[in-house]
Number of protein chains: 2
Amino acid sequence: MRRDVFQAIADPTRREILHMVCDKPLNVNAVAGHFDVSRTAVYKHIKILAECGLLEVKQKGRERFCEAKPEKLNEVSKWVDQYKRFWEQKLDALEAYLQLIQEPSNNK
Amino acid sequence: MRRDVFQAIADPTRREILHMVCDKPLNVNAVAGHFDVSRTAVYKHIKILAECGLLEVKQKGRERFCEAKPEKLNEVSKWVDQYKRFWEQKLDALEAYLQLIQEPSNNK
DNA sequence: TAGTTGTGCAACCGATTGGTTGCAAATATA
DNA sequence: TATATTTGCAACCAATCGGTTGCACAACTA
């Protein structure tokens with residue numbers, strides 16, 4: 001059972017769950033109510049998100065509240081940043097080129 | 001056939017392929033040679049990466065060179081940035097707290 | 001021309017995924 | 001206490017995934 005952050009955020013439903021609980025913790029039923037799949041299906045997604053640390057489930061009476069732990073996304077952020085310089089330097093080159101061909105001195 | 005960037009980078013082999021070709025384009029066999037799965041398996045990963053725009057395949061004679069298009073990761077970067085403020089403000093709060101309890105004026 | 005190399009793809013396979021229904025158990029409420 | 005609510009989980013299912021072998025074909029090379 002591979003369980004890493006990259007695999008967890010690959011599913012659009014899981015990304016939406018994360019978005020739902022990021023400003024206020026919600027109990028399992030509240031989360032499940034926003035989707036048209038079964039509660040069990042949503043519960044499984046919550047479990048996967050919890051297993052890889054993207055959210056924390058806290059019991060309160062008979063309810064369990066899902067609290068987002070977005071700091072785990074730092075792993076993804078750092079991975080993407082590795083490549084950022086590649087596309088940013090390409091954009092810089094494009095910008096420089098556009099500036100060059102508009103340079104008035106070229107019309108001399 | 002769902003084919004988005006999030007799903008594409010979920011697989012560790014595909015992330016490694018992307019890393020391999022990011023500084024120099026490599027042909028299909030060269031990429032496949034670095035893994036101990038079959039060429040066909042690697043080829044399928046390349047196809048998925050190409051389909052979602054993370055790399056481009058350019059024919060040159062009988063060879064096909066895989067060129068990384070990391071700018072497509074911008075989509076992931078933007079999604080993660082949505083949440084960055086959540087964990088950064090938590091870290092700020094922690095830092096502020098640590099600074100507060102070390103404040104000399106508290107010893108007065 | 002004959003052989004080698006690089007590639008695309010069909011066909012198949014077991015494991016995983018995302019979904020379902022149904023039931024049991026714990027907690028709240030009448 | 002009887003009933004309703006919230007949850008966890010087992011059992012099952014079809015589709016997808018990541019892998020395989022085998023073959024066809026185009027393009028270099030001897």
Side-chain angles (χ1 to χ4, degrees), chain A residues 1-21 24-69 72 76 79, chain B residues 1-21 24-69 72 76 79:
Chain A
M1 189 180 14
R2 180 161 55 87
R3 204 111 294 177
D4 62 276
V5 191
F6 289 93
Q7 187 247 354
I9 63 168
D11 187 276
T13 305
R14 285 197 286 269
R15 289 201 298 277
E16 208 174 329
I17 291 174
L18 206 63
H19 186 256
M20 280 182 60
V21 301
K24 186 165 68 78
L26 296 172
N27 71 25
V28 176
N29 269 357
V31 175
H34 281 70
F35 299 92
D36 53 359
V37 294
S38 72
R39 177 184 59 82
T40 307
V42 174
Y43 169 72
K44 282 187 187 179
H45 285 306
I46 289 174
K47 234 189 151 188
I48 289 170
L49 288 168
E51 272 170 16
C52 77
L54 276 169
L55 55 83
E56 218 169 80
V57 181
K58 288 178 179 170
Q59 185 144 8
K60 205 174 185 180
R62 68 181 160 189
E63 295 172 85
R64 314 258 164 129
F65 286 86
C66 306
E67 195 181 316
K69 293 279 162 190
K72 247 282 162 147
V76 180
W79 183 81
Chain B
M1 188 182 12
R2 182 160 54 86
R3 204 110 295 176
D4 61 277
V5 190
F6 289 93
Q7 188 248 352
I9 63 168
D11 187 274
T13 303
R14 285 196 287 267
R15 289 202 297 278
E16 208 174 330
I17 292 175
L18 205 62
H19 186 257
M20 280 181 61
V21 301
K24 185 165 68 81
L26 296 172
N27 71 23
V28 176
N29 269 357
V31 175
H34 281 71
F35 298 92
D36 51 1
V37 294
S38 71
R39 177 185 58 84
T40 306
V42 175
Y43 168 72
K44 282 187 186 179
H45 286 305
I46 290 175
K47 232 186 153 190
I48 289 170
L49 288 168
E51 272 170 16
C52 77
L54 276 169
L55 55 83
E56 219 169 80
V57 181
K58 287 178 181 169
Q59 184 144 9
K60 205 173 184 180
R62 68 183 159 188
E63 294 171 85
R64 315 257 163 129
F65 286 87
C66 306
E67 194 181 317
K69 292 281 162 188
K72 248 279 161 150
V76 180
W79 182 80

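Any value given below was found using the heavy atoms of this structure, including those in side chains, with hydrogens, waters and symmetry copies removed. Chain naming here is simple, since letters A, B, ... match the order of the sequence lines and numbering starts at 1 in each. These figures come from a predicted structure and were not determined experimentally.
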**Message:** For C:dT27 and A:Q59 - does any side-chain N or O of the residue sit under 4.0 Å from the phosphate oxygens OP1/OP2?
**Reply:** no

**Request:** May I ask you to verify if any side-chain N or O of B:H45 is less than 4.0 angstrom from the OP1 or OP2 atom of D:dG19?
**Result:** yes

**Complete:** Pairs under 3.5 Å (Watson-Crick or G-U), crossing ones as [ ], inter-strand ones as |: DNA chain C comes out as ||||||||||||||||||||||||||||||

**Message:** Suppose we screen for side chain to side chain contact (heavy atoms under 4.5 Å, CB included). Which residues come up paired with A:E56, at least two apart in sequence or across chains?
**Reply:** A:K58, A:K69

**Request:** Under the side chain to side chain donor-acceptor pair (under 3.5 Å) rule, collect the residues that match up with B:E63, sequence neighbours excluded.
**Result:** B:N27

**Prompt:** Listed by chain and number, what are the ring pair (Phe, Tyr, Trp, His ring centres under 6.0 Å) partners of B:F65, not counting sequence neighbours?
**Reply:** none

**Request:** Choose from C:dG19, D:dC17, D:dG19 the nucleotide whose nearest atom is closest to any side-chain atom of A:A41.
**Result:** C:dG19

**Asked** Judged by atom type as modelled, is there a donor-acceptor pair below 3.5 Å linking the side chain of A:R3 to the main-chain atoms of A:E51?
**Response** no

**Message:** Are the side chains of A:L18 and A:M20 in contact, using a 4.5 Å heavy-atom criterion?
**Reply:** no

**Asked** How close or far is atom P of D:dG18 from atom CZ of B:R15, stated in whole angstroms?
**Response** 12 Å

**Request:** Begin from the C-alpha positions of A:L54 and A:I9 and carry the test side chain to side chain contact (heavy atoms under 4.5 Å, CB included) through to its verdict.
**Result:** CA-CA 9 Å; A:L54 276 169; A:I9 63 168; 3.8 Å; yes

**Asked** Can you check the A:I46 CD1 to C:dG19 C1' distance for me, whole Å?
**Response** 15 Å

**Item:** A:F6 and B:F6, any side-chain heavy atoms less than 4.5 Å apart
**Value:** no

**Asked** Which side-chain hydrogen bond (donor to acceptor under 3.5 Å, both in side chains) pairs, counting each pair once, include a residue from residues 32-46 of chain B, with sequence neighbours left out?
**Response** B:R14-B:H45

**Item:** Rounded interatomic separation in angstrom, taking CD from A:E16 and P from C:dG18
**Value:** 15 Å

**Message:** Return whichever of B:G61 or B:V42 has its heavy-atom-nearest nucleotide of DNA chain D closer to the 5' end.
**Reply:** B:V42

**Sugar-phosphate or base contact per nucleotide [nucleotides 1-10 of chain D; S, B, -; heavy atom under 4.0 Å]** = ---BBSBBBB

**Request:** Measure from CG on B:D4 to P on D:dC17 and round the result to the nearest Å.
**Result:** 11 Å

**Fill in**
Rounding to 0.5 Å, atoms CG (A:L55) and SG (A:C66) come to a distance of 5.5 Å

**Asked** How long is the line joining CD of A:E51 and C1' of C:dT16, in whole Å?
**Response** 14 Å

**Request:** Please report, rounded to the nearest Å, how far the P atom of C:dT16 is from the CG atom of A:D11.
**Result:** 18 Å

**Request:** Mind calculating the distance between CD1 (B:I17) and P (D:dG18) to the nearest angstrom?
**Result:** 11 Å

**Asked** Looking at B:Q7, does any N or O in its side chain come under 4.0 Å of the phosphate oxygens OP1/OP2 on D:dC17?
**Response** yes

